[in-house]
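Along the sequence shown, residues carry numbers from 1. FYI, side chains are in, hydrogens and waters are out, and symmetry mates aren't considered; it's all heavy atoms of this structure.
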Amino acid sequence: MSLYLGSSKAGSLYHGSTKIGQAYIGSVKIYQSGDPYNPLGLPAYTIRLRYSDGVTPTFSKGTGVQVSVSPNIWDLTYENTVWRQLLNGHRQLLEILGANSTGVTNMANMLSGTSISTVPLFDTSATTSFNEMCANLNTLTRVPLFNVSSAVSVSRMFVMCVNVESGALDLYNRLSNQATVGAHTDCFELCGRDTVTGALELAQIPQSWGGTMV
């Protein structure tokens with residue numbers, strides 16, 4: 001969505017030195033930055049996270065900087081193409097607000113064991129390994145339709161995400177038509193098992209991918 005000043009189209013918008021990703025008047029969005037994968041305009045290799053108030057997260061990789069106290073928002077910057085286990089076990093993580101993950105090639109176990117209900121779309125176009133990326137997220141309600149154009153291994157990517165309601169079938173269809181994908185054992189094992197709509201999607205995914213379709 002573009003913003004115009006008179007007849008001139010505005011480029012990037014800033015508040016001080018902070019790039020604006022979205023702008024609203026009331027509930028109406030009037031501006032969206034040009035990068036759909038990084039609408040917050042985050043710097044390279046940075047992910048923005050919201051934790052329970054009062055929590056000071058411990059990061060095993062990269063550098064965390066608190067953006068606000070309430071809501072308790074942190075920017076984690078890890079200037080590396082391997083984001084494996086980046087947020088593994090962060091059970092007090094409530095939400096991923098956005099990310100600039102352009103160039104990241106490995107997201108294996110990146111979010112396994114967190115407590116988030118949704119995962120936004122961020123740049124996964126260079127990612128080859130998604131193994132167990134979202135494993136054991138029993139709070140997850142939807143499987144994102146990630147860009148998997150470089151995917152090679154997706155084994156156990158959404159294993160035990162039992163409360164997923166939708167999205168698994170769409171991602172399976174995309175992955176199964178991606179020629180680069182090799183390893184996919186148990187990619188959707190038990191994903192959506194405990195919801196009506198999730199179980200229906202699981203029944204349309206072959207057992208070789210972790211589904212229940214014979």
Intermediate values then yes/no, side chain to side chain contact (heavy atoms under 4.5 Å, CB included), T195 and V164 | CA-CA 7 Å; T195 70; V164 160; 5.8 Å; no
Considering only heavy atoms from C-beta outward, does the side chain of [X] approach that of [Y] to under 4.5 Å?
{"X": "S112", "Y": "N88", "result": "yes"}
{"X": "Y51", "Y": "T56", "result": "no"}
{"X": "I96", "Y": "L111", "result": "yes"}
{"X": "I73", "Y": "R48", "result": "yes"}
{"X": "M107", "Y": "T124", "result": "yes"}
{"X": "T141", "Y": "T118", "result": "yes"}
{"X": "V154", "Y": "Q178", "result": "no"}

If we ignore angles and hydrogens, is there a donor and acceptor under 3.5 Å between the side chains of R91 and S115?
-> no
Is it true that the side chains of T46 and D75 contain a donor and an acceptor less than 3.5 Å apart?
-> no
For Y172 and L169, what are the C-alpha separation, side-chain angles and deciding distance, and is it a side chain to side chain contact (heavy atoms under 4.5 Å, CB included)?
-> CA-CA 5 Å; Y172 160 72; L169 184 59; 4.2 Å; yes
Verify same cluster id: Y37, F130 (apolar side-chain graph, 4.5 Å) = yes
If Ile, Leu, Val, Met, Phe, Trp and Tyr residues are connected whenever their side-chain heavy atoms lie under 4.5 Å apart, and connections chain through other members, are V82 and Y45 in the same group?
-> no
Which is it for L171 and L145 under the side chain to side chain contact (heavy atoms under 4.5 Å, CB included) test, yes or no, and what are the steps along the way?
-> CA-CA 5 Å; L171 186 60; L145 189 57; 4.3 Å; yes
Do other residues, nucleotides or ligands put more than 12 heavy atoms under 6.0 Å from Q85 CD?
-> yes
So the side-chain hydrogen bond (donor to acceptor under 3.5 Å, both in side chains) pairs with at least one residue in residues 198-214 (sequence neighbours excluded) are none
Reference residue N100; test side chain to side chain contact (heavy atoms under 4.5 Å, CB included); the match among D123, L40, L42, D35 = L42
Can you measure from CG (L49) to CG (L86) and round to the nearest 0.5 angstrom?
-> 8.0 Å
Specify whether F158 and F146 have parallel, tilted or perpendicular ring planes, treating 30° as the upper limit for parallel and 60° as the lower limit for perpendicular.
-> parallel
Does the pair L93 and L87 meet the rule for a side chain to side chain contact (heavy atoms under 4.5 Å, CB included), with working shown?
-> CA-CA 9 Å; L93 175 63; L87 297 167; 4.2 Å; yes
